[in-house]
Each structure stands twice: as C-alpha cells, then as structure tokens.
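Report on the following structure.
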Amino acid sequence: TQSTRPQRLLSAVQKNATRGDPCSVVKAIDQFCRSKEWAMNVGDEKGCILDSVVSEVNPTTVLELGTYCGYSTVRIANLLPPHAKLITLEFNPDFAAIARQVIAWSGLEEKVQLVEGASGDLIPKMKEDFGVKTFDLVFLDHWKDRYLPDTKLMEACGLLRKGSILLADNVICPGTPDYLEYVRSSPRYESQYFKSHLEYTKVEDGLEKSVFLG
Ligand SMILES: O=C(NC/C=C/[C@H]1OC[C@H](O)[C@@H]1O)c1cc([N+](=O)[O-])cc(O)c1O
Ligand SMILES: [Mg+2]
C-alpha cells in the first residue's frame, strides 16, 4: 500500500532529526519540503515571524487551529515558558496521528494537547472541558473559510481578553478575504500584516497579527 505524504514527512523526521531536539525536527521537515515534497507547513520564512510573535507575547495559553503534521505546533511549543500549554485542534485523524508522533519525537508532548475534531464543535467546549479561561495567543492555520466563523465563535465564548493576539497564516495565499476584511475593519481589533511568501515558494503570502481590544 502506498504511503501518504504525512507518513513520508514523519519518516524523514525519524531518520534525520534527533529525538528530543525540537530544532532538528523543524529543520528536518523544512529540508524534506524543500528537497523532496512540498507540504503545507507554515515553513521556515513565515516560521521566523511566528517565532518572533510567540516570543513577544510569551503566552501561557495558546490555541492552534489546524495541526496538520505538527510543524508549527513544535515551533510554538519550543518557545513556551515551563507551565504554559498549547492546545492544537485537528479535524483529520490521519494528520493527527502523524502529528502526535512528530510532537513526541521533538520531546514536547508535555506542553501540547492535541485534540481531534472540528474547531466549530471544540471551541465551545474549551472552558468547561479543557479548563481554559482565555487564550493569550491563537494561531489560525486550518480551513481558510473557518477563520472568520471560528473567530466570532471565540469572541462569543469569551475565550478572548483585552490583548489576546490572533495570528493568521495564509491571509494572501490561499487567502482568507472575509477574515481579513473583518479584523482590519472591526473597531475591536488592531491588525498588522507581515508580508512573506507561501512556504517553500516565491509566491506572496503573509501573516496577519490582530490584537483583540475587548
Ligand atoms: O489548506 C491549508 N490549510 C488548511 C488545512 C486543512 C486540512 O488540515 C486541517 C484540516 O483537518 C484539513 O484536513 C493550507 C493550504 C496551503 N496551500 O498552499 O494550498 C498553504 C497553507 O499554509 C495552508 O495552511
Ligand atoms: Mg498555512
């Protein structure tokens, strides 16, 4: 039976990265995606912008929407302070299974809670089932047409506080026009665009950082 791209990505991590070394896991995935097969990880260029935002926010509670193979999960978790936690939601069980192994290889499983399911179903359960009050940082990287409805849902569920940061991938490519319009025009957000490129390509893409003003 044929292997899948996520399975081949995991094999590359297990072959080329050192167990317990998150940076070597990130490097191995980027090398695989540049030299072997493109995959929809945030990548090294946008990854540096992600790192700088995570370091600046220094969050205690982080939500990631769209785990895929766990690349950005590892990047974020690697920068978290000791008792901080990252909850990452993934709809696709095959992706989730690969991501668990990538996260384990990096040695960061203590900081990460990967939950399988649809963001629209799981977000309303964050307070009661996951003991979350509010999120300091949310990284949006799942279905592009879910960014806006899920943002409105987080607002409605009281999961954002004054100063909570939303960081959204792919606001240009594949693009999230309704989300971008919302965070840039709403008086409840202060937004900033970080111009970059679609992972492993020369195509323009970027990250949108939005501060919730309460
Ligand atoms: O669809 C993208 N991400 C959403 C992922 C969707 C899939 O993973 C989460 C969900 O379970 C679904 O199975 C995407 C697509 C491109 N792209 O260039 O097509 C680039 C990116 O960075 C992306 O995050
Ligand atoms: Mg993306």
Side-chain angles (χ1 to χ4, degrees), residues 22-23 25-27 29-30 33-34 38-80 84 86-91 95 99 102 112 119 123 134-155 159-161 163-186 188-213:
C23 293
V25 169
V26 169
K27 218 171 169 60
I29 295 172
D30 285 329
C33 292
R34 282 194 180 281
W38 185 92
M40 60 181 171
N41 317 117
V42 74
D44 44 1
E45 191 181 325
K46 288 186 287 178
C48 284
I49 301 167
L50 171 63
D51 289 356
S52 62
V53 171
V54 174
S55 301
E56 178 198 346
V57 176
N58 200 33
T60 304
T61 53
V62 184
L63 176 64
E64 176 179 62
L65 301 175
T67 317
Y68 186 43
C69 295
Y71 174 90
S72 49
T73 319
V74 169
R75 280 199 89 117
I76 296 167
N78 188 38
L79 295 173
L80 294 183
L86 163 58
I87 297 174
T88 182
L89 310 185
E90 179 48 57
F91 175 75
F95 293 168
V102 168
V112 177
S119 52
I123 286 168
T134 55
F135 288 108
D136 302 316
L137 172 67
V138 182
F139 181 53
L140 298 92
D141 194 21
H142 59 331
W143 289 129
K144 308 315 162 193
D145 60 2
R146 289 298 314 175
Y147 284 28
L148 183 53
D150 285 345
T151 296
K152 290 181 173 173
L153 189 56
M154 287 187 286
E155 289 174 17
L159 288 166
L160 304 179
R161 50 130 174 110
S164 289
I165 303 289
L166 304 185
L167 187 66
D169 189 26
N170 310 118
V171 296
I172 304 299
C173 178
T176 62
D178 59 346
Y179 172 81
L180 220 40
E181 164 60 26
Y182 180 74
V183 291
R184 289 179 175 175
S185 62
S186 166
R188 302 182 76 185
Y189 291 91
E190 180 59 44
S191 276
Q192 181 183 5
Y193 176 60
F194 292 84
K195 183 175 160 88
S196 186
H197 296 94
L198 179 69
E199 48 269 26
Y200 318 116
T201 79
K202 293 186 166 46
V203 174
E204 183 180 344
D205 188 22
L207 301 175
E208 188 83 358
K209 177 190 171 194
S210 306
V211 187
F212 185 62
L213 302 174

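One is the number of the first residue; the rest follow in order along the sequence. Keep in mind that the numbers below use all heavy atoms, side chains included, and drop hydrogens, waters and symmetry copies.
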By side-chain hydrogen bond (donor to acceptor under 3.5 Å, both in side chains), which residues pair with T134, not counting sequence neighbours? none
Check: V102 and I29 side chains under 4.5 Å, non-hydrogen atoms: yes
Reported CG-to-CD1 distance for the pair L153 and I123, which is rounded to 0.5 angstrom: 5.0 Å
Please test D150 against L140 for side chain to side chain contact (heavy atoms under 4.5 Å, CB included), starting from the C-alpha separation and ending with a verdict. CA-CA 9 Å; D150 285 345; L140 298 92; 5.6 Å; no
Got a donor-acceptor contact below 3.5 angstrom from the D141 side chain to the G66 backbone? no
Can you measure from CZ (R75) to CG (N41) and round to the nearest 0.5 angstrom? 10.5 Å
Side-chain touch S196/L207, heavy atoms, less than 4.5 angstrom: no
Taking all atoms of both residues into account, what is the closest heavy-atom pair of A39 and C33, and its distance? CB-SG, 3.7 Å
Rounded to the nearest 0.5 angstrom, the CG-OG distance for L180 and S191 is 7.5 Å
Taking all heavy atoms of P177 and all of G175, pick out the closest pair and write down the distance. CD-C, 3.5 Å
Partners meeting side-chain hydrogen bond (donor to acceptor under 3.5 Å, both in side chains) with N170 (sequence neighbours left out): K144, D205
How far does CG of L167 sit from CG of L137, to the nearest 0.5 angstrom? 6.5 Å
For N78 and V54, what are the C-alpha separation, side-chain angles and deciding distance, and is it a side chain to side chain contact (heavy atoms under 4.5 Å, CB included)? CA-CA 10 Å; N78 188 38; V54 174; over 6 Å; no
Check: S52 main-chain N/O paired with S55 side-chain donor or acceptor under 3.5 Å: no
Would the number of heavy atoms belonging to other residues, nucleotides or ligands and lying under 6.0 Å from CD of E190 be above 12? no
Would you indicate whether the side-chain heavy atoms of L89 and T67 approach each other to under 4.5 Å? no
Would a 4.5 Å heavy-atom cut-off, applied to side chains only, mark I172 and Y193 as touching? yes
Under a 3.5 Å distance rule, please check whether S186 uses its side chain to pair with a backbone N or O of V183 as donor and acceptor. no
Heavy-atom side-chain contact between L50 and D169 under 4.5 Å: no
Gap between atom CD of E208 and atom NZ of K195 - 0.5 Å precision: 13.5 Å
Does E199 have any side-chain hydrogen bond (donor to acceptor under 3.5 Å, both in side chains) partners at least two apart in sequence or in another chain, and if so, which? K46
Would one find more than 12 heavy atoms of other residues, nucleotides or ligands at under 6.0 Å from atom CZ of F135? yes
pair V138-F212: side-chain heavy atoms closer than 4.5 Å: no
Side-chain contact, heavy-atom cut-off 4.5 Å: K27 with D30? no
Heavy-atom closest pair, residues S185 and E181: OG-O, 2.6 Å
Would you compute the distance between atom CD1 of I76 and atom CG of D51 and round it to the nearest 0.5 angstrom? 8.5 Å
Under the ring-ring contact (aromatic ring centres under 6.0 Å, His included) test, which residues partner Y147, sequence neighbours left out? H142, Y179
Qualifying ring-ring contact (aromatic ring centres under 6.0 Å, His included) pairs with a residue from residues 47-74, counting only residues at least two apart or across chains: Y68-F95
State, with a plain yes or no, whether a side-chain heavy atom of R34 is found less than 4.5 Å away from one of D44. yes
Those residues at least two apart in sequence (or on a different chain) that pass side-chain hydrogen bond (donor to acceptor under 3.5 Å, both in side chains) with S72 are E64
